[in-house]
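A quick write-up on the structure given underneath.
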Amino acid sequence: LRYELEKAGVEVHLTRDRDMAMRLSDRTRFANRIVPDLFVSIHCDAFHKTTAHGMGVHIYPACSRNTREFAARIRRSLEASFPTHKQRGVKESNFYVLRKTFCPAVLIECEFVSNPETRRFLKEPENQLALAKAIARGII
């Protein structure tokens, strides 16, 4: 995603660029210090039922209109790029990173890692690139 956004001229700041633990409060403190146009948190969902699947975008219930517009554009781009995947839409959620970030913020669930079929999808580099491109299109 970083590459796709930078290729389009977007300035990108990462909370981390490798697999390491980072407290939620450190993530939001970082975002609140640099005041970005958009805070994006990317995840793979999990559920106890291994048949759960789908992509979705989360926003804080009391978010700005700007946040809702970003979320809707990202959702539409994911739907257009992955028409065979269940689309869970835009959901209002009380997630810490959405609640404590003082700029537009979205949390994107790319699929369910608890589902063997969608986990295989997520492991494929070409699917990871397609996800990044879809999210970037929605942001841009």
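Nothing here was measured: the structure is a model prediction, and the numbers come from that model. Starting from 1, each residue takes its place in the sequence as its number.
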Which pairs would a plain distance check flag for residues 44-56, meaning a side-chain donor or acceptor within less than 3.5 Å of a matching protein atom at least two apart in sequence or in another chain?
| from | atom 1 | to | atom 2 | distance (Å) |
| --- | --- | --- | --- | --- |
| His53 | ND1 | Thr51 | O | 3.0 |

Checklist outcome for this item: For Leu1 and Ala136 the tightest heavy-atom approach is CD1-N, 3.6 Å
Next on the checklist: Using ring-ring contact (aromatic ring centres under 6.0 Å, His included), reason through Phe112 and Phe121 one step at a time and then give a plain yes or no.
Outcome noted: CA-CA 10 Å; Phe112 280 75; Phe121 164 84; over 10 Å; no
Checklist entry - Same cluster or not: are Val40 and Leu5 linked, directly or through other Ile, Leu, Val, Met, Phe, Trp or Tyr residues, by side-chain heavy atoms under 4.5 angstrom apart? => result yes
Item to check | Derivation of the side chain to side chain contact (heavy atoms under 4.5 Å, CB included) call for Ile42 and Cys110 | outcome: CA-CA 7 Å; Ile42 301 173; Cys110 292; 3.7 Å; yes
Checklist entry - Are Leu107 and Val90 connected in the hydrophobic side-chain network, where two residues link if heavy atoms are under 4.5 Å apart? => result no
Next on the checklist: Are Asn127 and Pro125 packed together at the side-chain level, in the sense that at least one heavy-atom pair is separated by less than 4.5 angstrom?
Outcome noted: no
Throw together a table of side-chain donor-acceptor distances under 3.5 angstrom for residues 11-19, partners on residues two or more places apart or in other chains.
| from | atom 1 | to | atom 2 | distance (Å) |
| --- | --- | --- | --- | --- |
| Glu11 | OE2 | His13 | NE2 | 2.8 |
| Arg16 | NE | Met20 | O | 3.1 |

Item to check | Rounded distance [0.5 Å steps], OG in Ser41 versus CZ in Arg27 | outcome: 6.0 Å
Checklist entry - Is there a donor-acceptor pair closer than 3.5 Å between any side-chain N or O of Glu111 and the backbone N or O of Leu122? => result no
Checklist entry - Distance from Leu98 atom CG to Ser93 atom OG, nearest 0.5 Å? => result 7.0 Å
Show every donor-acceptor pair shorter than 3.5 Å between a side-chain atom in residues 67-74 and any protein atom, with sequence neighbours excluded, or say none if there are none.
| from | atom 1 | to | atom 2 | distance (Å) |
| --- | --- | --- | --- | --- |
| Thr67 | OG1 | Ser64 | OG | 3.0 |
| Arg68 | NH1 | Glu92 | OE2 | 3.1 |
| Arg68 | NH2 | Pro61 | O | 2.8 |
| Arg68 | NH2 | Glu92 | OE2 | 2.9 |
| Glu69 | OE2 | Arg65 | NE | 3.0 |
| Arg73 | NE | Gly138 | O | 3.3 |
| Arg73 | NH2 | Ile139 | O | 3.4 |

Next on the checklist: Within this structure, what is the NE2-CZ distance for the pair His58 and Arg88, rounded to the nearest 0.5 Å?
Outcome noted: 8.5 Å
Checklist entry - So, do Ile135 and Ser77 sit near enough that their side-chain heavy atoms are less than 4.5 Å apart? => result no
Next on the checklist: Working to the nearest 0.5 angstrom, can you tell me the gap between Arg119 CZ and Glu124 CD?
Outcome noted: 13.0 Å
Item to check | Minimum side-chain heavy-atom gap Val106-Phe39 below 4.5 Å | outcome: no
Checklist outcome for this item: Heavy atoms of Ala31 and Thr101 approach each other most closely as CB-CG2, 4.0 Å
Checklist entry - Between Leu38 and Leu78, is there a shared hydrophobic cluster once you connect ILVMFWY residues whose side-chain heavy atoms come closer than 4.5 Å? => result yes
Next on the checklist: Exactly one of Val10, Leu129, Ile140, Leu131 should register a side chain to side chain contact (heavy atoms under 4.5 Å, CB included) with Glu4. Which one does?
Outcome noted: Leu129
Item to check | Asn32 atom CG, neighbour heavy-atom count above 12 within 6.0 Å | outcome: yes
Checklist entry - Got a second to check how far Arg75's CZ is from Ile59's CD1, nearest 0.5 Å? => result 11.0 Å
Checklist outcome for this item: Scanning both residues in full, the closest heavy-atom pair of Ala80 with Pro83 reads O-CD, 3.7 Å
Checklist entry - Between Ser81 and Arg137, do the side chains contain an N or O donor and an N or O acceptor separated by less than 3.5 Å? => result yes
Item to check | N-O pairing of Glu117 and Arg120 below 4.0 Å | outcome: no
Checklist entry - Is the shortest distance from a Lys or Arg side-chain nitrogen in Glu6 or Arg2 to a carboxylate oxygen in the other one below 4.0 Å? => result yes
Checklist entry - Is there a salt bridge (charged side-chain N to carboxylate O under 4.0 Å, His left out) between Arg76 and Glu79 once you walk through the steps? => result CA-CA 5 Å; Arg76 284 192 303 271; Glu79 286 177 357; over 6 Å; no
Checklist entry - Just how far is it from atom OG of Ser25 to atom OH of Tyr96, taken to the nearest 0.5 Å? => result 5.0 Å
